[in-house]
Amino acid sequence: MSVYLDHAATTPLRPEVLQAMQPYLTEHFGNPSSIHGIGRQARLGLDEAREAVAQALGAKPREIVFTGGGTEADNLAIKGAAWAASARGRELVVSSIEHKAVTQSVAVMERYGFRTTWLAVDRYGRVDPADVASAIGEHTTLVSVMYANNEVGSVQPVAEIGAICRQGGALFHVDAVQAAGFLPLDVDALGADLLSLSGHKLHGPKGVGALFVRQGTALLAQQSGGAQERQRRAGTENVAAAVGFAQALQLAQQERAHEGARLAALRDSLIAEMAALPGVSLTGHPTERLPNSASFVIDGVEGGDLVAALDLEGIAASTGSACTTGSAEPSHVLLAMGLEPEVAHGSLRLTLGRGNDEDDVRLTVEATRRVLERMRGAGERRPEVASV
Ligand code: PLP
């Protein structure tokens, strides 16, 4: 028995995606910058992939920069846009629950003298658009608020925030890495000037992503070298990965309504059954959340211990962000939502995906019940053992 409930960390490659990639790993191996036929074949694949990604976003192909993943897209957006607009101002407005790829990029900019207003979130992990309006000042050049949070799944009112940024004259970056495949991505409707995507969160390959850069948005490349990606990202393009990513995004968009509804129903029963276990409480917004995301805090247990115990039961879960696993610090997202550090230590994230069904929900709830009984029983006996 094995149940994979960690789709926010990564997803398996879809067979159709692998199939689309295969020719570009074998016979169409050319360098897309080469003039000869083999190069042109690779260029065609890359162009088609770019068109497909652009179409998914309601963007123009020239507005898509392929990157080496979501982290790189976030770095390019934050550092690239902040530097390019630095003559106008050095103030950034960023939500306090962003992924580390954003917060650490901002931290680098702060070392160069940029100032940040960190936006608070409510107890559900949501930003109040009114706070964005009051944070934007004369020297604010960039606002960054993620579409949906990777730890608690809460969805932000991005379109409202986008309109406020436009009014305030600030660029708006949206990290849509977790939202892609589940939520509408029309960049005009969202009011996004920059939007980050990642392949491996939507059954595409790892190490590939894209940054949408609205035409006319100045960006300082973060990598020096050749003129690839219209001089915004130097280096020979990973054609097979871009093709696979585009295919995965297209499939996810086509199936979004149907698969989203199926997952939301599974999520709701998972949340209801988990929250009925003693000491288990939901984190994040009860309804404004990703259709595949269920997250909890659990009284009296360490999230890491629980995840390890669930793994022995054949359930792959997570404490929160895969990127902070191994860190002793409680999640900055849960702390920003007002949870006490000792409560935040007991976090559990269960994220559903294409392969999951009702049986997986049942097995996970049963395993969690068993594991919690065991852990709590052991906890109660611990003083006796210690006194021996
Ligand atoms: N942004 C968010 C919200 C994420 O969840 C992740 C991955 O966990 C990233 C960015 C980074 O993406 P990648 O793993 O492709 O570098």
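Both ligands and their constituent atoms are indexed starting at 1 by order of listing. Quick note: residue numbers are just sequence positions, from 1.
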Modelled atom types, side-chain donor and acceptor of Q41 and H28, under 3.5 Å: yes
Atoms of ligand 1 close to N150 [distance to a heavy atom under 4.0 angstrom, numbered from 1]: 3 (C), 5 (O)
Stepwise side chain to side chain contact (heavy atoms under 4.5 Å, CB included) test for H332 and L335: CA-CA 5 Å; H332 70 287; L335 295 184; 5.6 Å; no
For D74, atoms of ligand 1 separated by under 4.0 Å from a heavy atom: 1 (N), 10 (C)
Any N or O of Q178 closer than 3.5 Å to N or O of ligand 1: yes
Close-contact set for ligand 1 against G69 heavy atoms, below 4.0 Å: 15 (O)
S144 side chain to H173 side chain, donor-acceptor N/O pair below 3.5 angstrom: yes
Nitrogen or oxygen atoms of A148 and ligand 1 under 3.5 Å apart: no
Region of M146 engaging ligand 1 - heavy atom pairs below 4.0 Å: side chain
Residues S295 and E151: side-chain donor-acceptor under 3.5 angstrom: no
Plane angle bin for H7 and H203 - parallel if under 30°, tilted between 30 and 60°, otherwise perpendicular: tilted
Spacing of I161 atom CD1 and Q156 atom CD [to the nearest 0.5 Å]: 6.0 Å
Which segment of T71 sits under 4.0 Å of ligand 1 when only heavy atoms are counted: both
Side chain, backbone, both or neither: the part of V102 lying under 4.0 Å from ligand 1 by heavy atom: neither
Numbering as shown, the atoms of ligand 1 that approach K201 to under 4.0 Å (heavy-atom distance): 6 (C), 7 (C), 8 (O)
Nearest-option assignment for atom 14 (O) of ligand 1, heavy atoms, candidates K100, H200, H99, E151: H200
Minimum-distance pair of heavy atoms, taken over all atoms of M337 and Y124: CE-C, 4.0 Å
Location of contacts on K206 toward ligand 1, heavy atoms closer than 4.0 Å: neither
Test item: side-chain donor near acceptor, D175 and S196, under 3.5 Å: no
